[in-house]
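In what follows, chains carry the letters A, B, and so on, assigned in the order in which the sequence lines appear, proteins first and then strands, with residues in each chain numbered from 1.
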Amino acid sequence: MKIPLIYNLRSVMQRPTSTAFTAIGIGLVVAVFIGMLALANGFRAALTRTGSDRNALVLRRGADSELSSGLDREAVSILAASPHVAAGPDGRPLFSAESYLLIPLSRRGADTNTVANVVVRGVAAAAWQVRQNLVITEGQAPVPGRNEVCVGRTMALKFPNTDVGQALRFGGRDWAVVCHFTAGGSSFESEVWGDAEQFQPVFRRQGFSSASFRLADPAAFEEAERALEGDQRLQVDVYREAAFYAEQSEVLGRILEILAFLITSIMAVGAIFGAVNTMYAAVAARAPEIAVLLTLGFHPRSVLLSFLVESALIALVGGVLGILLVLPVNGMVTSTTNWASFSEIAFSFRITPALLLSGVVFAAVMGTLGGFFPAWRAARRPVVQALR
Amino acid sequence: MPLVEIRAVDKAFQRDSERVEIFNALNLDIEEGSFTALMGPSGSGKSTLLNLVAGLDRPTSGSVRVAGAEVSAMSPNQLAPWRARHIGFVFQQLNLLPVLTAWQNVELPLLLTNLSRKERDERIRLALGVVGLEDRMKHFPRQLSGGQEQRVAIARAIVADPTLVLLDEPTGQLDAKSSQDVLALLRRLNDEFRKTIIMVTHDAHAAASARTVLHLEKGQLIERQGAMA
Ligand SMILES: Nc1ncnc2c1ncn2[C@@H]1O[C@H](COP(=O)(O)OP(=O)(O)O)[C@@H](O)[C@H]1O
Ligand SMILES: [Mg+2]
């Protein structure tokens, strides 16, 4: 590029108002773009982090979610005895037969009429070791045999009566909240966990929903899968836990992404027209300058490039503006209904460096697109006409 | 061989539905090292002739040769680098990019050469010295007088040492004193630095600075000797 950048920088600063408006327009689009993708990202991350590669998840054959799955006690004891299940330090299998229940609970806040489905997960004592990244942040794990529950971090934030020491009422009973836990930001944090055996009579359920266990040899997942799925007494499907939860996030994650692209494309059209306008005005006002550059022997291509760069420059300012606008939502927790399980799942906006970069690239693309026709006109206008 | 050879040039413009003939079979030779003033009434085609020589416009038919090169046959892509190498051009006004300093304006033609930064700096200093504006190089055009602006434009027109310096009414917007400075400068460029100069003017006083004065009337050129000849 032969026309010095300083020429564009100073020219842009000569018209701060129109530059600012164009940049703000582009900035808004970039903010929405990054924000929505951060949402999809956070949603995916929450579910993806739910599973571990070292674990296997067992569902009834043909079931596509924990909600629609069921395992009877006989199947559970066969599974627990499998050689593919790792043993804990105490020699007992790292195996958790779990019941997956949805209960309607009122949300925290003034408007107590909003009710959401919350996942109540009945687990075995081993679940606290088997499942991924579980950390009890307050209190002690529920004691098997007692009416005690442990509440996930985001669940505790959003629903009343979830403090340690309080009683949470569901299933016609009061449950003592004895601890809070985190799970590395995964969807477990939106759940209430208790002893599966305690939940069974309350919810009048026989057996369990699913089973999760630590693989004796994580590299031998396929073998475990073959052995268990081949066992005629069981009639189960075996998944790698990580893959299963990632799959669950796929539909909604995809829809969020498509929405992000749809909404931002529509907005982008507006922002691009803003840039087109600004640059046409710039080109018109600077006709004599363009004539001088061409007369000096600058190639029309250089003039085109120079105006494209100028437009991209304004857009980049917009991109940075957009980033500054959207950054505060990073980590902000929101929630939605997870369509795969119809339960409330909380997750946070996750803005990654890659997302920021794509926002900036998006801004530059808008600027370049918007600048193209004006720049083309600048470069193609015959000098003699510009001079008259 | 003349530096500029214009042979049988026709030039016509389309204005609305009307065809306006400016030149009909025009011939002109400009010798190397000459200083030619091109006079004539407004609308007689002075600027058009200068633009043809600079390759900014092309004849309807006929040939324009400069330093052996057929300018009238070059594509726009060939013309840009050719102009950078051979032509220094000064307009009546709005010559300078307002957002660049005098120094940066003069540097522009050098950005199209392979000169190193150091060589460029030397040339710019020299050119600004010749036009007597060493002390104004950090100034922006709006901080300069009209005469100073034109002198910066002349510095820019000579900085890359072009084959030809073309000026279209360079003193048209200047007061008498500034005009004198500019004209004296052009004479010096011709005398001392052997620059070949073609200057369009409708001011007889300005034309008197040239060695040769050409009058353009009704598409015909009439030569008269300049005052200095
Ligand atoms: N691009 C153009 N389109 C149409 N007419 C033009 C164009 N350029 C110049 N003319 C006409 O050609 C004539 C000569 O113009 P010009 O060379 O600018 O004259 P001068 O410089 O001697 O005043 C004028 O009548 C002008 O209107
Ligand atoms: Mg003219």
Asks: Between chain A and each of B:Leu96, B:Leu94, B:Asn77, count heavy-atom pairs under 4.5 Å; write down the option with the most.
Replies: B:Asn77
Asks: State, to 0.1 Å, how close A:Tyr7 and A:Arg286 come at their nearest heavy-atom pair, and which atoms those are.
Replies: OH-NE, 3.3 Å
Asks: For chain A, which residues of residues 78-93 of chain B have at least one non-hydrogen atom nearer than 4.5 Å to it?
Replies: B:Ala80, B:Pro81, B:Arg83, B:Ala84, B:Phe89, B:Phe91
Asks: For the side chain to side chain contact (heavy atoms under 4.5 Å, CB included) test, which of B:Asn27, B:Leu52, B:Val53 pairs with B:Ile6?
Replies: B:Val53
Asks: Taking it one step at a time, do B:Leu50 and B:Leu56 satisfy side chain to side chain contact (heavy atoms under 4.5 Å, CB included)?
Replies: CA-CA 9 Å; B:Leu50 212 57; B:Leu56 292 171; over 6 Å; no
Asks: Where does B:Asn95 contact chain A at under 4.5 Å (heavy atoms): side chain, backbone, both or neither?
Replies: backbone
Asks: May I have all residue pairs that pass salt bridge (Lys or Arg N to Asp or Glu O under 4.0 Å) and include part of residues 366-378 of chain A, sequence neighbours excluded?
Replies: none
Asks: A:Met36 and side chain to side chain contact (heavy atoms under 4.5 Å, CB included): which partner among A:Leu256, A:Ile263, A:Asn41?
Replies: A:Ile263
Asks: Chain A: which of B:Ala54, B:Pro98, B:Pro76 shares the most heavy-atom pairs with it under 4.5 Å?
Replies: B:Pro98
Asks: Near B:Glu32 CD, under 6.0 Å, is it more than 12 heavy atoms from other residues, nucleotides or ligands?
Replies: no
Asks: Could you measure the distance from the CD atom of A:Glu289 to the OG atom of A:Ser306? Nearest 0.5 Å is fine.
Replies: 10.0 Å
Asks: Has B:Glu18 got more than 12 heavy atoms of other residues, nucleotides or ligands less than 6.0 Å from its CD?
Replies: no
Asks: Identify which of A:Leu296, A:Leu294, A:Leu293 forms the greatest number of heavy-atom pairs closer than 4.5 Å to chain B.
Replies: A:Leu296
Asks: So, for A:Gly253 and A:Ala40, which heavy atoms are closest and what is the spacing to 0.1 Å?
Replies: O-CB, 3.9 Å
Asks: Flag yes if more than 12 heavy atoms outside A:Phe373 fall under 6.0 Å of its CZ atom; otherwise flag no.
Replies: no
Asks: Has B:His139 got more than 12 heavy atoms of other residues, nucleotides or ligands less than 6.0 Å from its NE2?
Replies: yes
Asks: With a 4.5 Å heavy-atom cut-off (strictly below), which parts of residues 158-172 of chain B touch chain A? List them by number.
Replies: none
Asks: Return the option, out of B:Leu100, B:Asp57, B:Leu97, with the maximum number of heavy-atom pairs under 4.5 Å with chain A.
Replies: B:Leu97
Asks: Inspect the contact between B:Glu122 and B:Lys118 and indicate whether a charged nitrogen and a carboxylate oxygen are less than 4.0 angstrom apart.
Replies: yes
Asks: Give the interface residues of residues 9-33 of chain A toward chain B, defined by a heavy-atom separation under 4.5 Å.
Replies: A:Arg10, A:Ser11, A:Gln14
Asks: Starting from the C-alpha separation in whole Å, work towards a yes-or-no answer on side chain to side chain contact (heavy atoms under 4.5 Å, CB included) for B:Leu216 and B:Phe23.
Replies: CA-CA 10 Å; B:Leu216 196 53; B:Phe23 307 132; 3.8 Å; yes
Asks: Can you confirm whether more than 12 heavy atoms, excluding those of A:Trp376, are under 6.0 Å from its CH2 atom?
Replies: no
Asks: Just by distance, with hydrogens left out, do B:Thr60 and B:Asp10 show a side-chain donor and acceptor under 3.5 Å apart?
Replies: no
